[in-house]
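A short worksheet on the structure shown next.
As the structure is a prediction and not an experimental result, all values here were calculated from the model.
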Amino acid sequence: MARIVVKFGGTSVANVERIRQAARHVKREVEAGNEVAVVVSAMSGKTNELVGWVNEASKFHDAREYDAVVGSGEQVTAGLMAIVLSEMGIQSRSFAGWQVPIHTDDAHGAARITGIDPTMLDERLRQGWVPVITGFQGISPHQRITTLGRGGSDTSAVAVAAAVGADRCEIYTDVDGVYTTDPRIVPKAQRLSKISFEEMLEMASLGAKVLMIRSVELAMAHKVRLVVRSSFDDPEAPQLAPDGTPGIPGTLVCDEDEIMEKQIVSGVTLAKSEAKITLRDVKDKPGVAADIFGALADRSIVVDMIVQNVSDDGSVTDITFTVPDGEYEKAVDALENNKNIEYAKIVGSKGGAKISVVGVGMRSHAGVASSMFRALADKGINIQLITTSEIKTSVLIDDQYAELAVRALHTYYGLDKKNA
Ligand code: ADP
Ligand code: ASP
Ligand code: MG
């Protein structure tokens, strides 16, 4: 017997029929003697609709009311899932974030979970009930509803799994695992049977939205075994692991030590809508970078790639960095209106694409970055910015070459599915 937390994403609960299909996966696990807690997202498209309504009501809305509205989609699916499970003869009830409770800080719209009281869930699980918990939402220290940021139900699921000491957390979605790159962009992408937490963390941060970054961080910190699998599979079919033996279908996200054969490059990711900003002729002296990025941090703007050139004579230099397209105007405004920052001019553009290659094998293999640049050059793709870490290399390129670059690198590193 195992204790499992299963999470269903938006497409897996898109309508009552899909909820019924998801519930059959739950039923299978319950009938196998497992204790199961369910975490649900809102129906696909619902959260976007709710965000749209809030913006229509007022551009300058109170963030607490945004959360009250936007977190409501999950309440609908939690209730419906509990109803469907009960109808199948499984004892079930829904829990909103505040009822568990799932405590968060008060950063409305992007709250962090600070603690989950497992008492009530634990009791229900022991009694053979299936608690159905709203993903994405929690309660602040001021007793207000909070939401965790887009895609946050993954994080709710992992946090619940850690709190109730689950043996594993299964993320049911519309693809049957984590692929070498987004299978919707590269049909030749291959499913990975296992991926390390670190690689998954990089892939999620670099644009693979199959798991929210924070959920991977939490799983890594609390050693939660995480499985990504499809809710579209036949719930009653024999459960086979990727190698065809009896087991759990999908991709296991686990410690690096559990992976025997380490790839040099495990995946390629794409993140669009990256804006590039260059400050020309800033003073080349201590404290300048701190002032620039301090001004951006004060406006809560997340900066990604940063490049500072060496100045010829030590007097002035150029600094270039990227921010999400949506933050471009805010970033320019923050810099233009900060009297401490001196520069000749600001130039920038929206609509860049960041392409990254990720793999733990890069630690022990030289030359991945240079071969990546060569592969892109062979396709005539110009690189605008480069950043690296121990297990990834990223480049910023023109948006119009994004898909071409992903496909070229995927082939170059031998990741294409055989016979495809
Ligand atoms: P859910 O609604 O279930 O949370 P998401 O849309 O958030 O689902 O995430 C699943 C999607 O992630 C897939 O449909 C796929 O297009 C996308 N995706 C991006 N990169 C990858 C990858 N490397 N492997 C699998 N899926 C990926
Ligand atoms: N419904 C929320 C969103 O669309 C949370 C989630 O699906 O994970 O962002
Ligand atoms: Mg998601």
Side-chain angles (χ1 to χ4, degrees), residues 1-10 12-13 16 18-43 71-104 111 113-139 145-148 152-173 212 215 218-219 222 224-227 229 231 235 248:
M1 190 201 79
R3 180 172 276 196
I4 316 170
V5 173
V6 301
K7 177 254 171 177
F8 295 101
S12 307
V13 292
V16 175
R18 297 266 352 128
I19 292 176
R20 237 187 276 283
Q21 161 99 352
R24 283 161 63 208
H25 283 281
V26 176
K27 185 165 186 260
R28 183 195 62 237
E29 297 301 337
V30 171
E31 285 176 349
N34 297 314
E35 291 178 350
V36 187
V38 180
V39 173
V40 286
S41 291
M43 292 178 178
S72 66
E74 273 67 11
Q75 220 161 300
V76 174
T77 44
L80 290 172
M81 176 64 85
I83 291 172
V84 167
L85 284 168
S86 304
E87 201 196 41
M88 289 177 173
I90 296 166
Q91 286 186 299
S92 178
R93 68 150 277 191
S94 65
F95 286 87
W98 64 270
Q99 290 171 318
V100 174
I102 297 178
H103 298 288
T104 72
I113 296 175
T114 50
I116 294 181
D117 183 346
T119 320
M120 217 161 14
L121 296 179
D122 194 53
E123 203 175 283
R124 293 281 176 172
L125 286 166
R126 281 176 202 282
Q127 292 165 353
W129 280 65
V130 173
V132 183
I133 304 141
T134 52
F136 187 47
Q137 50 154 274
I139 182 163
I145 291 169
T146 51
T147 63
L148 310 180
S153 299
D154 296 332
T155 303
S156 309
V158 174
V160 167
V164 300
D167 297 287
R168 62 179 185 272
C169 177
E170 298 187 7
I171 306 287
Y172 281 86
T173 183
M212 194 205 200
S215 71
L218 270 185
H222 294 277
V224 173
R225 289 172 79 75
L226 198 55
V227 177
R229 57 181 297 182
S231 70
I248 306 162

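Within a 6.0 Å sphere centred on CZ of R225, heavy atoms belonging to other residues, nucleotides or ligands number 12 at most.
Note that CD1 of I133 is 8.0 Å distant from CD1 of I116, once rounded to the nearest 0.5 Å. To the nearest 0.5 Å, atom CZ of residue F8 and atom OG1 of residue T173 are 11.0 Å apart. A distance of 11.0 Å separates CG in L85 from CG in L80, rounded to the nearest 0.5 Å. To the nearest 0.5 Å, atom OG1 of residue T104 and atom CD1 of residue I139 are 8.0 Å apart.
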side-chain contact (heavy atoms from CB on, under 4.5 Å) evaluation trace for I102 with F95: CA-CA 10 Å; I102 297 178; F95 286 87; over 6 Å; no

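Pairing each heavy atom of A78 with each of T134, the nearest pair is CB-CG2, 3.8 Å. Contact between E74 and A42 at its shortest, heavy atoms only, is OE2-N, 2.9 Å. Nearest heavy-atom pair, C169 versus A161, reported as atom, atom and distance to 0.1 Å: CB-CB, 3.9 Å. For V84 against A23, the heavy-atom pair with the smallest separation is CG1-CB, 3.7 Å. Taking all atoms of both residues into account, the shortest heavy-atom contact from R18 to S231 is NH2-OG, 3.2 Å. Taking every heavy atom of both residues into account, A157 and V39 meet most closely at CA-CG2, 3.9 Å.
With N34 contributing its side chain and V36 its backbone, the two residues share no donor-acceptor pair below 3.5 Å. For T147 (side chain) and G71 (main-chain N/O), no donor-acceptor pair under 3.5 Å exists by modelled atom type.
The stretch residues 153-169 participates, sequence neighbours left out, in these side chain to side chain donor-acceptor pair (under 3.5 Å) pairs: K7-D154, S41-S153, R168-E170. Sequence neighbours left out, the pairs with a member in residues 86-95 that pass side chain to side chain donor-acceptor pair (under 3.5 Å) are R20-E87, Q91-W129.
Side-chain contact check for V38 versus V130: some heavy-atom pair is nearer than 4.5 Å. Counting heavy atoms from C-beta on, the side chains of Q137 and Q75 come closer than 4.5 Å. Residues V26 and M88 are not in side-chain contact: their nearest non-hydrogen atoms beyond the backbone lie 4.5 Å or more apart. Side-chain contact between R3 and L125 is present, with heavy atoms from C-beta onward closer than 4.5 Å. No side-chain heavy atom of R124 sits under 4.5 Å from any side-chain heavy atom of E35.
Judged by distance alone, the side chains of R24 and Q21 do bring a donor and an acceptor atom under 3.5 Å apart.
Contacts of T77 classified as side-chain hydrogen bond (donor to acceptor under 3.5 Å, both in side chains), with partners at least two apart in sequence or in another chain: none.
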